[in-house]
Amino acid sequence: MYYKPLLVRAFGLLNPILPGWNPDPSIVRVGSDYFIATSTFEYFPGHPIYHSKDLVTWELIGHGLNRASQLSLLGTPSDAGIWAPTLRYHARTKKFYLLTTARYAYTAEYRLFPRSFYVTTEDIFANSWSDPVYFDALGYDPDIFWDTNGDVYSTWSGINNAVDKIYSIYQNKIDLATGTSLTEAQVIFQGTLPDNSSARPEGPHIYFINSTYYLLIAEGGSGPGHRSTIQRGPSPSGPWENNPKNPILFNGADLSLSVQDTGHADIVQARDGSWWGVALGVRPQNGDFNHQQLGRETFLFPVTWEDGWPVLNGGNPLSEHLVGILKDKSPLVAYFNEFTSHTLDLAFYFLRTPSKAFYSLTSRPGYLRLYANAFALGDRDSPALILRKQTSYEETFETELDFSAPTNLTEAGITIFYSDLLHNGIGVIGDGVGGRRIITRTNVQAAQVGPWPLVFTNSTITTVAYHLISASGPVRLRIIGNATSYSLGYAEGRSGKFVFPIVIDSSLLSVPPVGGFFFKGAAFGVYNTGNGKPSISPADFAYWRQTPAM
Ligand SMILES: *[C@@H]1O[C@H](CO)[C@@H](O)[C@H](O)[C@H]1NC(C)=O
Ligand SMILES: *[C@@H]1O[C@H](CO)[C@@H](O)[C@H](O)[C@H]1NC(C)=O
Ligand SMILES: *[C@@H]1O[C@H](CO)[C@@H](O)[C@H](O)[C@H]1NC(C)=O
Ligand SMILES: *[C@@H]1O[C@H](CO)[C@@H](O)[C@H](O)[C@H]1NC(C)=O
Ligand SMILES: *[C@@H]1O[C@H](CO)[C@@H](O)[C@H](O)[C@H]1NC(C)=O
């Protein structure tokens, strides 16, 4: 409408291959097509499925869990929800299997260990997967392995001691059709690290390569200690021989590297016989771990073999480039959506499973219209909020909002969003007497009282400020992100000059409240809320422009 898509000078890095938060990648190849699934936590739909022909350029083709019958994230706390998947293809039945876990309860007070499940599809491009088939075990990070004799193994991470919360890799044989256990669950591995609660062996994948079984796991927690290690043995259950080169992926040995927290790997063989792997990593900015607002992204690396052991990335730490192996990609292109399509782009997400439809692309052609409900972004519900991941550290988000705000509770705007507990925004709110004001909500953070066990109060530390604007007409809203901060601004009309009343430190999007978690990353969003009361004022957004920059 007002802008043409721009080609900007953003870095053409190779890695991350899936920029913006995409943790826990699982990869599979079918013919010459590669597919990756990643984690989505309390976002809906769950588990993006990406497709590539060359491992470098990826396209989002759908989601494994896009119906409420598959995933009902109602009241699911931040960073619970959908955890690490395993994506596999069963050649005999020509079906894709997506294994996963929905953690409905994961707060400091109460961590219910969930049961895992799988969904299947015969046509991965159709964006329609089956309803869940549940397993019997408690645990997370489920893997599936078909042995040559037809036995099907389920392998996962769980606790073996409810008091000490010592984690282990568990396994049993299952009846695949029903998910029902056929054998007792047994601990098949406890990891390579000293056996305590921060060792946490997880993310298991079993492979059968060259007549040998391999068990690849993640361990060391999800921070700088995170790593990948591998074992091999004569059966899918071991006994295991430790790779003397473990850990085979561990950037945490050098905390000055630009990529950190590496691990949770999965490997795949290309058609030409070469091997490749994917893993998660973060790119801390400003030389510290408080500025990693994009979260855990997906990285690619080559895999070679030595003495029957896989060597990840030539034995080197993961990096943003694979010099001499793969060339960097083209620079990132701006995302510009003028809402002329009648369907929502696949890259948009809701917070939790919406109870009912709250958006329309047809009510006012050329606009994304949001219908508010009583819930606001800090509520553990599903507000009228549409999110799209931030994809580079230096990135600007802009929209134009048409919104009349009849009461001092009716509010619509934009947000830089991590969760109900961490988000900062700028919007338009009524003044209650016919006028409108710009409202900024910053430093939104949950408070915490007392020592362990941690209890969150319902209150938030929020700074609210108001700025006067005209009573009607469009308002443009903009968030400019860089390595260490976000600037939140507005401009009246279609040509007014931007004012940036707020600059926040981006650590407000990457440092969780005490007792909280940081498993996701930042997303830009548009919202409409009645702040506790239902509202009948729609909010119309004329475009969505996300511009990555150098
Ligand atoms: C677990 O063991 C490692 C290595 O001995 C140690 O560094 C770490 O502090 C321990 N963690 C806990 C929670 O005991
Ligand atoms: C499999 O074994 C063959 C013969 O020993 C060897 O050449 C090849 O590198 C092995 N492949 C892997 C993935 O270990
Ligand atoms: C909103 O309007 C109500 C009713 O007019 C008034 O009682 C309340 O103080 C106002 N709140 C704010 C924050 O302006
Ligand atoms: C949070 O709010 C709920 C419902 O209003 C209340 O029952 C609970 O006690 C509150 N919790 C805290 C820690 O204040
Ligand atoms: C980010 O933007 C803020 C606000 O304009 C500025 O003060 C800061 O220097 C910038 N930081 C970097 C690393 O570019």
Side-chain angles (χ1 to χ4, degrees), residues 9-11 29 205-216 230-234 241 243 245 248 258 265-277 283-288 290-294 302-312 314 376 390 392-397 405-411 416 424 426-442 462-468 478-489 498-510 522 529-533 535 537 547-550:
R9 292 181 307 131
F11 283 109
R29 178 182 65 83
H205 292 305
I206 305 261
Y207 310 93
F208 185 61
I209 300 166
N210 256 8
S211 308
T212 302
Y213 295 88
Y214 291 86
L215 169 64
L216 176 63
I230 195 159
Q231 309 291 313
R232 70 183 176 196
E241 174 194 352
N243 181 353
K245 298 252 170 81
I248 51 174
S258 63
D266 194 10
I267 60 174
V268 69
Q269 188 172 29
R271 265 234 286 226
D272 68 3
S274 62
W275 286 80
W276 299 87
R283 294 181 289 160
Q285 307 291 296
N286 201 37
D288 65 60
N290 293 335
H291 297 89
Q292 48 178 44
Q293 53 274 18
L294 292 201
V303 177
T304 47
W305 293 82
E306 262 174 39
D307 306 326
W309 292 109
V311 178
L312 309 193
Q390 184 180 349
S392 76
Y393 279 92
E394 306 235 342
E395 190 158 299
T396 296
F397 170 54
T407 79
N408 66 7
L409 294 175
T410 46
E411 174 188 339
I416 178 70
N424 296 268
I426 185 162
V428 171
I429 190 167
D431 65 4
V433 290
R436 300 185 304 176
R437 301 181 287 191
I438 291 289
I439 181 170
T440 57
R441 294 179 188 278
T442 53
T462 305
T463 313
V464 181
Y466 299 105
H467 307 269
L468 292 178
R478 189 185 279 179
I479 298 174
I480 303 174
N482 69 18
T484 53
S485 76
Y486 293 99
S487 303
L488 282 58
F498 268 93
V499 181
F500 291 90
I502 296 291
V503 179
I504 60 151
D505 192 298
S506 55
S507 63
L508 287 173
L509 271 301
S510 27
T529 175
N531 279 311
K533 282 196 177 158
S535 157
S537 295
T547 316
M550 276 288 282

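First listed ligand is number 1; within each ligand, the first listed atom is number 1. The residues of the chain are indexed from 1 along the displayed sequence. Atom set for the values below is all heavy atoms of this structure, side chains included, hydrogens, waters and symmetry mates excluded.
- With sequence neighbours left out, D505 forms a side chain to side chain contact (heavy atoms under 4.5 Å, CB included) with H291, S507.
- Ligand 2 has a nitrogen or oxygen under 3.5 angstrom from a nitrogen or oxygen of N210.
- With 3.5 Å as the limit, one finds no donor-acceptor pair spanning the side chains of Q269 and Y207.
- Scanning for salt bridge (Lys or Arg N to Asp or Glu O under 4.0 Å) contacts around E395 gives an empty result, with sequence neighbours left out.
- Residue I209 has at least one heavy-atom neighbour below 4.0 Å for each of these atoms of ligand 2: 13 (C).
- Here the CZ-CG distance, from R436 to D431, works out to 10.5 Å after rounding to the nearest 0.5 Å.
- Ring orientation note: the planes of F208 and Y213 are tilted relative to one another, at an angle of 30° to 60°.
- Using a 4.5 Å heavy-atom cutoff, the side chains of L509 and I504 are in contact.
- For ligand 5, the 4.0 Å heavy-atom shell takes in N482, T484, S485, S487, ordered by chain and residue number.
- Note: an N/O pair closer than 3.5 Å links N408 and ligand 3 by distance alone.
- Remark: T304 engages V311 in a side chain to side chain contact (heavy atoms under 4.5 Å, CB included) (not counting sequence neighbours).
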